[in-house]
Each structure stands twice: as C-alpha cells, then as structure tokens.
There are 2 protein chains.
Amino acid sequence: MIRLFINEPLIAGAEIILGAEQAHYLVNVMRQDVGASLALFNGRDGEWRALIVETKKRACRLRAVEQTRRQETPPDLDLIIAAVKRTRLETIVEKAAELGARRVRIVITQHTNAERVRIDRLAAIAIEAAEQTGRLDAPEILEPVKLKALLDGWDPARALLFCDEGGNARPVIEALTSAAPGPWAILIGPEGGFSGEERERLRGLPFVTAATLGPRILRADTAAISAMTLWQAAVGDWRQ
Amino acid sequence: MIRLFINEPLIAGAEIILGAEQAHYLVNVMRQDVGASLALFNGRDGEWRALIVETKKRACRLRAVEQTRRQETPPDLDLIIAAVKRTRLETIVEKAAELGARRVRIVITQHTNAERVRIDRLAAIAIEAAEQTGRLDAPEILEPVKLKALLDGWDPARALLFCDEGGNARPVIEALTSAAPGPWAILIGPEGGFSGEERERLRGLPFVTAATLGPRILRADTAAISAMTLWQAAVGDWRQ
C-alpha cells in the first residue's frame with residue numbers, strides 16, 4: 001500500500017490536491033490511476049484510505065474515504081546531532097524517521113566542521129522515510145543551533161542522553177534502566193568528539209545522563225542509530 | 001594514529017612490505033614518510049607500533065617495534081544478511097565491523113533478488129572499517145549460501161537470533177535477557193521478508209530465538225545495526 005504524508009486535514013470526504021512532486025510519484029513512478037487506493041497521514045488525524053478521483057499532468061486529486069488507523073502519540077524523543085558530512089547526515093535523518101524520533105536538530109560544536117545544511121532536503125528525506133516505515137507523523141527537522149545556545153535554553157523537563165566517547169561513562173542500557181519515560185533527547189557529537197570544555201559542562205548538568213556506546217570507535221551515523229535503538233528498547237515503544 | 005590491517009605475523013623487529021594500495025594510502029594520501037609511526041594489527045598478534053623504514057613509488061617497508069595492545073578475543077557474533085542492494089550491503093558490512101561482528105555471511109532466501117555479490121570488495125570495506133573502529137581483527141566475509149543449506153548444516157552450539165518482522169515475537173532485549181554469552185548469529189531477512197515456509201522452519205528450530213525490532217518497518221541496514229547493537233548491549237562486550 002502506497003503511503004503519502006500530506007499537510008491538509010483528513011476527514012471523511014475531504015478532497016486533497018497533490019502538488020506536482022507527489023502527483024508525479026503517484027501517477028508516473030507508481031503508475032496509479034483514477035480509482036486506485038492509497039493511504040494518507042498528516043501527523044494529526046491518523047491514517048486514511050483515499051481514492052484517486054482525477055489525474056492531470058502535474059496534479060492529482062484524491063478523496064479521503066475512511067480512517068484506517070487512529071493517530072498515536074509516539075514517545076517524545078529528539079535526536080541532536082553535530083553537523084557531519086552531508087551523506088552521513090542524510091542517512092541519520094532517514095534512520096531517525098525509522099527509529100521513531102520526533103525531531104532532529106543539527107548542532108554546531110567546537111569541533112564541528114560546519115558545512116551548509118539544507119533543511120528542506122533533510123525534511124523531504126524524513127517524510128519519505130516516514131511514509132515507508134509506517135509511522136503516522138514525520139520527524140521535524142530543526143534549524144542548526146550552537147551547542148552553547150541550545151544548552152542555555154534547555155527545558156530541564158527534557159532528559160538528555162549524552163553519548164560520551166571519552167572517559168568512564170556507564171553503558172547506555174545500564175544508564176537507562178529505570179529511566180523515566182517522559183521527554184528525552186539524544187546528543188551525538190562530531191567526528192572529532194566534544195571539546196574538554198563541552199564535555200565538562202554537559203556532565204555537570206542536572207538533566208544529563210552520560211553513557212558510552214561500547215569499546216569501539218563508532219562513526220556518527222552508527223552512534224546515532226545505536227543510541228536511538230537502545231533508547232527505544234529501554235524507554236520507548238520497543239518494550240513489550 | 002594511522003592503523004593498518006596486514007596478514008603477516010607481528011613480532012619485534014619484523015619487516016613488513018606493504019602492497020601497492022596500502023603503500024599509496026600511507027605515503028600519498030596520508031603523506032607519511034620514513035621515520036613516521038603507525039599501528040599494525042593482523043587479528044592474531046595484538047596491535048604493534050611500527051616505523052616506516054623505506055618508501056618507494058608503489059611499495060613501503062615497515063618495521064614492527066613494540067606491541068602496544070594484546071590480542072583480545074571479541075564476542076563470537078556472526079551477522080547473516082539476505083542479499084540486498086549493493087550500497088546497503090556495503091553499509092551493513094561497514095557497520096558489522098564497527099559493531100564487533102566476527103563474520104558476515106550473505107544468504108539467499110526465497111524472496112531475495114539475488115544480485116551479484118563482490119566478496120573481495122566487501123572484505124576491503126570490512127578491513128577499512130576495522131582499521132578505523134580500533135578493533136584488533138577484521139570481520140571475515142563469507143561466500144553467499146542458500147538459507148536452506150545454511151540451516152541444514154547449522155552447528156547447534158551456535159544460537160541464532162531470528163529478527164522476525166511478522167507476528168508476535170518478543171522484543172530483542174527481552175528475548176536476550178539471560179541469554180548465554182556463547183557463539184551467536186543474527187539473521188536479517190530481505191526487503192520482502194521471509195516466506196511463510198522459511199518463517200515456520202526458523203521458528204521450529206531448537207537453536208533459534210525469534211524476536212521483533214519494534215513497531216515500525218525497518219530497512220535491512222537499520223535492522224542489522226539495531227540487532228547487533230542490542231545483542232552487544234545484552235550479551236556482548238557493551239556490558240560494563
């Protein structure tokens with residue numbers, strides 16, 4: 001079943017006009033025609049079965065028929081990732097969508113080689129991965145911010161898992177045992193690691209849990225996937 | 001510190017002649033010259049500090065000076081992965097090296113679109129990732145085999161974690177609690193999933209533990225990384 005993420009409200013009988021790109025995908029790539037069924041979701045109204053009612057060259061009109069899944073509220077997990085090479089960043093966003101992160105934020109640290117980040121392209125990757133993984137929302141991609149400013153404005157109600165490659169932190173799974181299931185964020189550093197100053201500040205903050213990802217050096221994309229996996233297994237929706 | 005995987009034995013004073021490719025990397029890419037230090041490992045003799053004693057256009061001579069790390073025996077984990085698209089397979093091999101798998105075996109299942117697999121290229125990727133992740137061996141890449149033949153010849157002393165996307169299996173972390181730390185393998189299916197016949201056989205085998213990787217549909221590379229992460233956290237060398 002083809003799934004498309006849209007922005008419009010979904011109610012019975014609602015008509016949705018797809019833009020050029022989604023229409024092209026549906027009609028030309030997937031070769032769907034008038035009368036075909038697909039699934040729609042918008043992050044608010046659950047999943048709906050819809051029918052294609054009209055196709056044109058650069059547009060496509062759909063009608064929402066019935067709700068097939070109710071909206072769920074997935075665990076409240078943010079992924080905060082130091083800017084890394086574009087291809088690895090795109091992989092990380094795809095995996096954040098599959099592993100149930102609600103938001104992905106790029107952070108600039110002292111050892112970050114700040115490449116230009118294309119938020120719109122990352123958001124498109126997040127939506128495509130959300131469509132394929134079966135979730136009912138798509139991760140939001142937030143504008144890059146400096147680590148210092150991020151921590152200065154941190155909401156202390158959100159716990160922060162700091163994946164600390166240097167030093168003597170506990171394993172993630174042990175650090176998360178008996179962790180509260182409220183809002184969390186995972187922080188993954190740049191290829192060069194955090195600076196001594198950054199590590200010291202992070203380790204002193206009351207909402208921070210420092211943890212280590214095993215004895216080998218992991219690339220940023222591996223570290224992000226492993227940390228999200230362990231968090232979902234220990235605190236999130238991979239339990240039971 | 002540059003790390004290189006070699007095949008020759010490592011003892012004090014041993015002279016090692018690098019082949020054209022490693023010599024090119026060391027001398028031209030990394031711009032190292034006579035007198036520079038690097039680290040060598042071969043999967044048997046630990047890690048050694050070595051010096052460059054001579055460089056030529058297409059060769060480079062090294063001398064092993066002293067052992068800097070003893071050989072360790074990492075957990076005995078195999079990753080068995082259905083043949084998927086080449087780029088995803090290459091990612092999976094890179095991640096298997098980072099996440100401590102000893103062997104990677106490609107398996108042909110009923111729903112596999114068997115692309116031609118280049119074992120030599122995958123082995124080179126495994127070695128490069130092993131050099132960067134800091135381990136003292138490199139994962140072996142084994143020739144593709146049919147699932148039926150693999151299971152017919154299975155050593156029952158090796159437990160098999162079957163990541164089963166269909167049905168009612170327990171979460172991995174729960175399935176692995178109190179698992180024995182002996183030899184294990186992880187089996188990840190193709191994009192189209194296992195056939196009903198394959199699932200039934202797998203679930204009936206005494207050495208198989210079936211488990212699920214959360215409520216969302218994961219691509220094969222994500223499933224492989226998540227399963228290796230959870231295994232290392234629960235049974236392998238990510239504990240304490």
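Proteins get letters first, then strands, A, B, ... in listed order; numbering begins at 1 in each.
- B:Ile173 is listed as a side-chain neighbour of A:Ile173, based on a closest heavy-atom distance under 4.5 Å.
- Heavy atoms of other residues, nucleotides or ligands lying less than 6.0 angstrom from CZ of B:Arg69 number more than 12.
- Rounding to the nearest 0.5 angstrom, the gap separating the CG atom in A:Asp221 from the OG1 atom in B:Thr91 is 8.0 Å.
- Taking each heavy atom of A:Trp238 and B:Leu230 in turn, the nearest pair found is CZ3-CD1, 3.9 Å.
- One distance of note links CD of B:Glu94 with OG1 of A:Thr222; it measures 6.0 Å at 0.5 Å rounding.
- In this structure, no portion of A:Arg170 lies under 4.5 Å from any heavy atom of chain B.
- Crowding of A:Arg44 atom CZ: a count of heavy atoms from other residues, nucleotides or ligands under 6.0 Å exceeding 12.
- In the displayed structure, A:Glu66 atom CD is contacted under 6.0 Å by more than 12 heavy atoms of other residues, nucleotides or ligands.
- In this structure, CD1 on B:Ile217 lies 12.5 Å from CD on A:Glu131, to the nearest 0.5 angstrom.
- Of the listed residues (B:Pro215, B:Gly134, B:Ala97, B:Pro74), the greatest number of heavy-atom pairs within a distance under 4.5 Å of chain A belongs to B:Pro215.
- Closest heavy-atom contact between A:Leu218 and B:Glu98: CA-OE1, 3.4 Å.
- Applying the side chain to side chain donor-acceptor pair (under 3.5 Å) criterion to B:Glu21, with sequence neighbours excluded, gives no partner residue.
- Rounding to the nearest 0.5 Å places CZ of A:Arg219 at 6.0 Å from NZ of B:Lys95.
- Within the 4.5 angstrom heavy-atom criterion, no atom of A:Ala234 approaches chain B.
- Of the listed residues (A:Gly236, A:Gly100, A:Ala129), the greatest number of heavy-atom pairs within a distance under 4.5 Å of chain B belongs to A:Gly100.
- Within residues 75-82 of chain B, no residue has a heavy atom under 4.5 Å from a heavy atom of chain A.
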